[in-house]
Visitor: 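I have a structure here, written as structure tokens, and I will follow up with some questions on it.
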Amino acid sequence: TEFISANDLASFMDVSVNEVIKVCLNMGMFVSINQRLDAEAITVIADEFGYDVEFLSAEEEDTVIEIEDNEEDLQPRAPIVTIMGHVDHGKTSLLDYIRNASVAKGEAGGITQHIGAYDVMTKSGKRVTFLDTPGHEAFTAMRARGAKITDIAIIVVAADDSVMPQTKEAINHAQAAGVPIVIALNKIDKPGANPDKVREELSAINVLVEEWGGKYQSQEVSAKTGLGIEDLLEKVLLEAELLDLKANPDRSAVGAVIEASLDKGRGYVTTILVQTGTMQVGDIVLAGPHFGRVKAMTDHRGKKMKKAGPATPVQVLGLTGAPQAGDKIQVMETEREARELATQRQQLAREQSLRTKKHITLDEIGRRL
Ligand code: GDP
Ligand code: MG
């Protein structure tokens, strides 16, 4: 059996795929980026990087049931977007502007709290979900746990600055994950802004924008004045349309942990992104090595929710521990089943942490959501 591609193996080990290819060449193996590797090759390569690999067969793996959805049960869902780019190019400002603009549009209260993800309604009445985690983390930590949750990446480049190392890194991460990119040329309000210079620098790293005949959508924006942001969102939605994103809202929920913490008054507070299905208050969930019954759910404005459908971020109370970002969340039939699986996972984690060698566990990766 072939398990994962050279590219995936590289990301599991947090090294570049080029390093993997180089190591392979040194051993006389010619491996291409997307080539799937068998167990023997994975073991040998991982060993070169100081990893020991454990292969789980389908039987040994969790008994969590993956429900295959029928085509006719699938409905369109909102895109999940991550904003990435070099430090100080305006990621936080852009997110803040988008969030505040949407708050101003209605919904009483309006005090947003940081929950690591939020959804907004665009002027055209479509929903877009943003992950408010450092982009790098969204793409490495979460991916290492098998969670692929970003549909589209907005790469922010300050128009009064240049394509920087972290800009390139962000583009590489998005490309490696096969996630479409929309370029935001930010700080266009500044006198020193020179978006053409940035377009030129982007073309030099093979990111040719549409205006110049390339395939990448870009938009001049100002996170300070709001100029161009509505257009940016429309371009994101256009990209989403091409992806034809769908999920089945009428099944038990499956999702990913965005962040989790312990709150003195409320216990464990977990932000979950529901990916498919609908999560409801009262559901029993398995979340990585933890479980619990959903006592309450709120959105990023602190508003209580009874249900959360696909591509909806929710803050959940009721787990018995704090899972890690990227851990999978799954609604279970019974509390006993959830507890057993959680306990198994905790044991596995304990055993693994006892080993001296770095360790990765692979299942047949096709099973990832
Ligand atoms: P991050 O590190 O990418 O999250 O960048 P920040 O959002 O923290 O922005 C860095 C600095 O640039 C802050 O002082 C922002 O106020 C400023 N800034 C961000 N976007 C704009 C913009 O569109 N125009 C102007 N004039 N300043 C901006
Ligand atoms: Mg920031």
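Owing to the predicted nature of the structure, the values given are computational and were not obtained by experimental measurement. We count ligands from 1, going down the list as the structure has it; atoms in each ligand are counted the same way.
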Visitor: For the atom pair CD1 (I80) and CG (L273), what is the distance rounded to the nearest 0.5 Å?
Guide: 4.0 Å

Visitor: Given T82, which partner from the list I155, T150, I149, V179 fulfils the side chain to side chain contact (heavy atoms under 4.5 Å, CB included) test?
Guide: T150

Visitor: How far is atom 20 (N) of ligand 1 from the closest protein heavy atom, and which atom is that?
Guide: N186 ND2, 3.1 Å

Visitor: Less than 2.8 Å from the Mg ion (ligand 2) is the window; count the protein N, O or S atoms in it.
Guide: 1

Visitor: Could you identify the single nearest non-hydrogen protein atom to atom 6 (P) of ligand 1 and state the distance to 0.1 Å?
Guide: S93 OG, 3.6 Å

Visitor: Among all protein heavy atoms in this structure, tell me which lies nearest to atom 8 (O) of ligand 1, with the distance rounded to 0.1 Å.
Guide: T92 CB, 4.2 Å

Visitor: With atoms numbered from 1 as shown, which atoms in ligand 1 lie under 4.0 angstrom from a non-hydrogen atom of V87?
Guide: 2 (O)

Visitor: Quick one, D151 with R77, criterion salt bridge (charged side-chain N to carboxylate O under 4.0 Å, His left out). Give me CA distance, side-chain angles, the key distance, then yes/no.
Guide: CA-CA 11 Å; D151 300 311; R77 66 163 174 86; 2.8 Å; yes

Visitor: Under 4.0 Å from atom 23 (O) of ligand 1, is there any protein heavy atom?
Guide: yes

Visitor: Quick test: of every protein heavy atom, which one is nearest to atom 26 (N) of ligand 1, and how far off is it to 0.1 Å?
Guide: D189 OD2, 2.9 Å

Visitor: Could I get the full list of salt bridge (Lys or Arg N to Asp or Glu O under 4.0 Å) partners for D96, not counting sequence neighbours?
Guide: R99

Visitor: Any N or O of K187 that comes nearer than 3.5 Å to an N or O of ligand 1?
Guide: yes

Visitor: Regarding ligand 1, does G90 bring an N or O atom to under 3.5 Å of one of the ligand's N or O atoms?
Guide: yes

Visitor: List the atom pairs, donor and acceptor, that lie under 3.5 Å between side-chain atoms in residues 187-196 and the rest of the protein, sequence neighbours left out.
Guide:
| unit_1 | atom_1 | unit_2 | atom_2 | d |
| --- | --- | --- | --- | --- |
| K187 | NZ | D88 | O | 2.7 |
| D189 | OD1 | S222 | OG | 2.8 |
| K190 | NZ | D160 | OD2 | 3.1 |
| N194 | OD1 | K197 | N | 3.4 |
| D196 | OD1 | R199 | NH1 | 2.9 |

Visitor: Can you tell me which residue among D8, I45, T43, V44 is in a side chain to side chain contact (heavy atoms under 4.5 Å, CB included) with L37?
Guide: I45

Visitor: Short list, please: which atoms of ligand 1 are under 4.0 Å from a heavy atom of K190?
Guide: 26 (N)

Visitor: Can any side-chain N or O of H89 pair as donor or acceptor with the backbone N or O of A158 at less than 3.5 Å?
Guide: yes

Visitor: What's the shortest distance from atom 2 (O) of ligand 1 to any protein heavy atom, and which residue and atom give it?
Guide: D88 N, 2.7 Å

Visitor: Looking at N70, I want to see if its CG is surrounded by more than 12 non-hydrogen atoms of other residues, nucleotides or ligands under 6.0 Å.
Guide: yes

Visitor: Other residues, nucleotides and ligands only: do more than 12 of their heavy atoms fall within 6.0 Å of CD on E72?
Guide: yes

Visitor: Does E239 have any side-chain contact (heavy atoms from CB on, under 4.5 Å) partners at least two apart in sequence or in another chain, and if so, which?
Guide: I152, P180, V182, Q217, L242

